[in-house]
Amino acid sequence: MDDSLKSLGSKLIVLRGTPQNIFELLLKSYKFQNLFFEKDTEPYSQIRDLEIQKLCQIYDINMEKFLGHTLYDPEEIQKQNKGICPSSYGKFISIIEKMPKISECERDPKINELRTFPNIENLLEKVVGYKGNYDIPIIDELIDKEGHKIFEKPTHKLQGGEKKGLEILFRYLSDKKKTSLFEKPKTSPAAFNPASTTELSPYLKFGCVSIKKFYFELTKVLNECKGKVSQPPVSLLGQLFWREFFYTNSFLRKNFHQMKNNSSCKDINWHLNDSIENLNKNFSLDNEENQALQNFFAWKEGRTGYPWIDALMIQLKQEGWIHHLGRHSVACFLTRGDLYINWERGLEVFEELLLDADYALNAGNWLWLSGSSVFFSAYFRIYSPVTFGKKYDPDGNYIRKYIPVLKDFPKSFIYEPWKAPIDIQKKLKCVIGIDYPNRIVIHEVFSLNFK
DNA sequence: CCTAATGTTGACAGC
DNA sequence: CGCTGTCAACATTAG
């Protein structure tokens, strides 16, 4: 971004501190006229922006918000729907079909249209100790509570920035057939190098690639297609609208990320309703709750004994990204499918490990997959930890990549290694229960009990 | 070449 | 954006 700005005669300035403190220091020391920013809907951002707004009022500064992180303004959607938040995807689509067309992207700025404020760096040096270099946290600074480094090196093959993001977008869209016939359920959660979807989610989450840009480049390709084109909810455009749908719901429904005081969430008596930190401190957990805690860590660390689930959790940990349907698999397993653990625990793990972790989409999908959402009731649609992956990857190549200890298992046992005869396990130097864990839960039995 | 057994596929209901 | 069992239709193959 800095390179792009420099080529236009400007530059990027990064300051470290809380926005409230930094802005207060700045506004106190200089009479700025305007503050422009993007509308941001998650609770953290709403509180932050409200405080900055108060500062602007105190220092008499004009403040303007622009819609940019979503295609539609959730408040406009609500107005169009008689003040009600649309609770189903179909309803949402019918509303946006009646909305005015999305306005075109602004053109890119030309050279010298973006001016740098004169002497801004001197001012910043005096007021907030700015030293002219970037002040972005680097990997070495990311440490855990005991002071140990969390990462030695970047974990994901993707690189940040708009330039890289647009490269990926245009490469994907250049395959017009793949783009226009995209159907989410037909893309494979077991695909790697390359993945079966665009992998643009981290770029959208961090605003590297604008959703509007994505939308207009995509519709340009779709309009050129003469033959049949896939439709929402499964089409690529449909995926962008899922994002809008969850953003709208997360903004209009309070406490969207939790079970309590969330009008869109059913109250279910899960295991592990308390935070993991509190549960770890509590030594008097009864047997059932203690077992659930053990199960939770086995799930998080990819040692449930189900290769399909474990491979997904290992890819998540190693790369910070898994395919959407893989997320369905592990989320169903943790909650209504097998372990019956509170979906908030899963949301927290995704928040920690996903590069694209996004307040609205994370909460919306956990509500959905755990069967908690009042607007989704197909609780009997259980993902099998054995057959779901097999459908996409019968040879188990995905499992072989992420769980090397299983890589030589014949394909007949790769999804269910506990079924391999013991002499085969010994020959492959991978005895189940020793070299790879036994199943922590018998899926068939749980499903039966659930009925 | 026919026949019967066996395998494959897709639609569908019920959970 | 589920799984399983059932059934019918059709394909394949052994004898």
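All heavy atoms count here, side chains included; hydrogens, waters and symmetry mates do not. So that the names make sense, note that chain A is the first sequence line, chain B the second, and so on, each numbered from 1.
Tyr415(A) has its side chain out of reach of Thr387(A): every pair of non-hydrogen atoms, C-beta onward, lies at least 4.5 Å apart.
Following rounding to the nearest Å, Tyr383(A) (OH) and dG2(C) (P) show an atom-to-atom distance of 5 Å. The separation between Leu325(A) atom CG and dC3(C) atom C1' is 16 Å, rounded to whole Å. We find that CD of Glu416(A) is positioned 13 Å from P of dC3(C), with the value rounded to whole Å. Taking atom NE2 of residue His328(A) and atom P of nucleotide dC1(C), one finds them 11 Å apart after rounding to whole Å. Spacing between atom CZ of Phe380(A) and atom C1' of dG14(B) amounts to 9 Å, rounded to whole angstrom units. Between the CZ atom of Arg336(A) and the P atom of dC15(B) there is a distance of 18 Å, given to the nearest Å. At whole-Å resolution of the value, NZ in Lys186(A) and P in dG2(C) are 14 Å apart. As rounded to whole Å, 16 Å separates atom C1' of dG2(C) from atom CZ of Phe333(A).
Between Trp299(A) and Tyr306(A), the gap from one ring centroid to the other reaches at least 6.0 Å. Two rings, from Tyr402(A) and Tyr398(A), have their centers less than 6.0 Å apart.
Fit an axis to the five pairs at each end of the helix from dC2(B)-dG15(C) to dC15(B)-dG2(C) and the two axes sit 10° apart, to the nearest 10 degrees.
Checked by atom type, the side-chain pair Gln239(A)/Lys184(A) shows a donor-acceptor distance below 3.5 Å.
Close to dG2(C), at under 4.0 Å from its OP1 or OP2, lies no side-chain N or O of Ser384(A). Phosphate contact (OP1/OP2 of dC3(C), side-chain N/O of Lys391(A), threshold under 4.0 Å): present.
Contacts between residues 234-250 of chain A and DNA chain C, defined by a heavy-atom separation under 4.0 Å, are made by Gln239(A), Trp242(A).
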message: One pair to check against ring pair (Phe, Tyr, Trp, His ring centres under 6.0 Å): His271(A) and Phe296(A). What are the steps and the verdict?
response: CA-CA 10 Å; His271(A) 298 304; Phe296(A) 167 76; over 10 Å; no
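Tyr359(A) meets the ring pair (Phe, Tyr, Trp, His ring centres under 6.0 Å) test with His257(A); sequence neighbours excluded.
For the pairing with Gln78(A), the side-chain contact (heavy atoms from CB on, under 4.5 Å) check across Thr248(A), Leu252(A), Asp73(A), Ile95(A) returns one residue only, Leu252(A).
When each of dT4(C), dG2(C), dC1(C) is scored by its nearest atom to the side-chain atoms of His324(A), the top-ranked nucleotide is dC1(C). Of all nucleotides listed (dT4(C), dG2(C), dC1(C)), dC1(C) comes nearest to the side chain of Lys184(A).
The environment of Glu224(A) atom CD is dense: over 12 non-hydrogen atoms of other residues, nucleotides or ligands sit within 6.0 angstrom. For Glu106(A), the CD atom sits in a loose shell: 12 or fewer heavy atoms of surrounding residues, nucleotides or ligands are nearer than 6.0 Å.
At a threshold of 4.0 angstrom between heavy atoms, the contacts of Lys390(A) with the nucleic acid are absent.
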